[in-house]
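Below is one structure; the comments refer to it alone.
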Amino acid sequence: MLLSTMPLTLLARQSPLAPSSEQLRLLEATTSCPSFDKPMQQARLFPLRATGISVFQINVGKLCNQTCKHCHVDAGPERTESMSRDTAELCVQALAKTDIPTVDITGGAPELNPNFRWLVEQARGMGRHVMDRCNLSVLLLPSQSDLGEFLASHRVEIVASLPYYRASQTDAQRGDGVFEKSMQGLQLLNLLGYGMPDSGLVLNLVCNPVGAFLPPKQDAIETQFRRELRARHGIEFNHLYTITNMPISRFLEFLIESGNYDGYMERLANAFNPGAAAGVMCRYTISIGWDGTLYDCDFNQMLDLPLVHGVPSHIRDFDHMKLDHRHIVTRNHCYGCTAGSGSSCGGAVTS
Ligand code: SF4
């Protein structure tokens, strides 16, 4: 059940922006903002260092049933990159040697990976908190008819993307009919107890601007979302996080094609906030790619920016001590994490 009017991925369209090297070249050639190193130096945060690892983020691949316009993964139905059982086992072995409290599983639509449920079971069996980055429409796929029950029975926190509480804005970004499916997915989760008082089943939403804007203040937009979703659709949730669209992948293409690229980079740079920079997620996260390569975050993963030399580069060599205080690789896309109050979605990103 794939959405009918989906734009194809950059890769399928053979876009010049499909290679991450071209995205990086454009980002580094930006003239509308200083190099990201400059404000980081002024904030005495350069080079940026990790402060430990409390989030073990596994990106299980790029397969997705949607093709959202802002997707930083360039995910879609035709993507074939997918974490194998061998690599999933390496992740579990590495996790078992640590006391990292949170496992954050993302994609693509992570639930479509055949090893997703096994990973959840293993991590929960070790007593770790597990988060699932869910696009909501995946819950309605015939192959996933028991997904909601599975997530609830393992007490997985759900972090669900919903750009807006109205259909037109959400469908403009995520594809025709996605809003309606998202409402059905949220109602299904509420019936299972997600987002309901005292159930302990956490349902958080993530919204990102529909266009070349910075996100609004989180508290105000959360109040609006709660009021509108409750009144129009009877939907409850726990918290709403706002994230800034990162100037990479399909959102970078949108910025360039709409003539907004330079203005957007300038806006992000003008909104640089040292407090947000000090708390960026890469400082407490390790990000694992579908093939087991280690990264500082999911954005660096999509730009093929691996960890700096001298620390383990693959999950098979995972060494908590060596990675705890590693140097973090930053480039101009990092302005997306440090603008305004920063991107705050519970320690990770959603696709
Ligand atoms: S893009 Fe990644 S490396 Fe850069 S600041 Fe954000 S989380 Fe850190």
Side-chain angles (χ1 to χ4, degrees), residues 1-15 17-20 57-92 103-123 130-148 150-151 156 158-162 173-178 181-182 185 206 246 248-251 253 287-293 295 297-304 315 348-351:
M1 189 171 72
L2 303 176
L3 300 164
S4 57
T5 55
M6 290 180 298
L8 292 169
T9 60
L10 297 176
L11 190 69
R13 283 187 275 120
Q14 300 183 321
S15 161
L17 278 176
S20 57
Q57 187 177 54
I58 308 172
N59 189 315
V60 293
K62 301 188 180 185
L63 175 64
C64 188
N65 58 311
Q66 296 183 182
T67 321
C68 306
K69 284 189 182 151
H70 70 297
C71 181
H72 73 276
V73 177
D74 197 26
E78 74 277 11
R79 297 300 299 248
T80 55
E81 300 88 337
S82 181
M83 182 172 280
S84 67
R85 182 56 169 258
D86 285 352
T87 305
E89 284 179 6
L90 291 174
C91 290
V92 168
V103 176
D104 182 344
I105 309 181
T106 188
E111 306 88 348
L112 298 181
N113 181 295
N115 300 299
F116 170 80
R117 296 188 189 202
W118 182 81
L119 276 170
V120 170
E121 287 162 355
Q122 296 301 308
V130 176
M131 301 162 78
D132 171 31
R133 305 272 154 185
C134 181
N135 70 15
L136 295 174
S137 70
V138 75
L139 289 156
L140 306 184
L141 294 177
S143 66
Q144 301 297 321
S145 57
D146 59 345
L147 177 62
F150 172 83
L151 295 170
V156 173
I158 295 179
V159 182
S161 313
L162 187 68
Q173 188 175 91
R174 295 177 80 75
D176 288 344
V178 168
K181 290 179 203 299
S182 300
V206 177
M246 291 299 275
I248 66 174
S249 195
R250 297 210 285 263
F251 190 67
E253 180 188 51
S287 160
I288 303 135
W290 66 272
D291 62 355
T293 305
Y295 300 89
C297 71
D298 208 49
F299 304 119
N300 285 11
Q301 185 177 143
M302 299 315 147
L303 288 170
D304 295 311
I315 192 64
V349 291
T350 191
S351 57

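Residue numbers run from 1 in the order of the sequence given.
Smallest separation of non-hydrogen atoms from Val130 and Ala123: CG2-CB, 3.6 Å. Shortest non-hydrogen contact noted between Val60 and Asn113 is O-ND2, 3.1 Å. Cys91 approaches Ile288 most closely through the heavy-atom pair SG-CG2, 3.9 Å. The shortest heavy-atom contact between Asp304 and Ser20 is OD2-OG, 2.6 Å. Closest of all the heavy-atom pairs between Leu8 and Ala12 is CB-CB, 4.0 Å. Shortest non-hydrogen contact noted between Ser137 and Asn65 is OG-ND2, 2.9 Å.
Ser82 places none of its side-chain heavy atoms less than 4.5 Å from the side chain of Leu63. No side-chain heavy atom of Thr106 sits under 4.5 Å from any side-chain heavy atom of Val159. A 4.5 Å side-chain heavy-atom check between Glu253 and Arg13 finds at least one atom pair inside the cut-off. Residues Arg133 and Asp104 are in side-chain contact: their nearest non-hydrogen atoms beyond the backbone lie under 4.5 Å apart. Here the side chains of Ser287 and Asn300 are not in contact, with every heavy-atom distance at 4.5 Å or above. Residues Ile315 and Ile58 form no side-chain contact, since every pair of their non-hydrogen atoms from C-beta on lies 4.5 Å or further apart.
Here the side chain of Asn115 pairs no donor or acceptor atom with the backbone of Ala88 at under 3.5 angstrom. Of the possible donor and acceptor atoms, one in the side chain of Asn59 sits under 3.5 Å from a partner among the backbone N and O of Gly107. With hydrogens and angles disregarded, no donor-acceptor distance shorter than 3.5 Å links the side chain of Asp132 to the backbone of Pro110. When atom types are taken as modelled, the side chain of Ser249 and the backbone of Cys71 share a donor-acceptor pair closer than 3.5 angstrom.
Atom CH2 of Trp290 and atom NZ of Lys62 lie 8.5 Å apart (nearest 0.5 Å). Here the OG1 atom belonging to Thr293 is positioned 8.0 Å from the CD atom belonging to Gln301, to the nearest 0.5 angstrom. How far CG of Leu139 is from OG of Ser182: 9.5 Å, rounded to the nearest 0.5 Å. Note that the CZ atom of Phe251 and the NE2 atom of His72 stand 13.0 Å from one another [nearest 0.5 Å]. Between Leu17 atom CG and Leu11 atom CG the span is 12.0 Å, to the nearest 0.5 Å.
For the pair Glu121 and Arg117, the salt-bridge criterion is not met [side-chain N within less than 4.0 Å of a carboxylate O].
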Under the criterion side chain to side chain contact (heavy atoms under 4.5 Å, CB included), I'd like the reasoning laid out for Val103 against Leu119: C-alpha separation, chi angles, the key distance, then a yes or no. CA-CA 9 Å; Val103 176; Leu119 276 170; over 6 Å; no
Can Gln144 and Leu112 be said to form a side chain to side chain contact (heavy atoms under 4.5 Å, CB included), step by step? CA-CA 8 Å; Gln144 301 297 321; Leu112 298 181; 3.9 Å; yes
Can you list the steps and then say if Phe150 with Glu111 is a side chain to side chain contact (heavy atoms under 4.5 Å, CB included)? CA-CA 11 Å; Phe150 172 83; Glu111 306 88 348; over 6 Å; no
Apply the test side chain to side chain contact (heavy atoms under 4.5 Å, CB included) to residues Trp118 and Glu89: give CA-CA distance (whole Å), side-chain angles for both, the deciding distance (0.1 Å), then the verdict. CA-CA 9 Å; Trp118 182 81; Glu89 284 179 6; 3.5 Å; yes
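Ser84 pairs by the side-chain contact (heavy atoms from CB on, under 4.5 Å) definition with Asp86, Thr87, not counting sequence neighbours.
Here salt bridge (charged side-chain N to carboxylate O under 4.0 Å, His left out) pairs that include residues 71-83, with residues two or more places apart or in two chains, are Asp74-Arg79, Asp74-Arg250, Arg79-Glu81.
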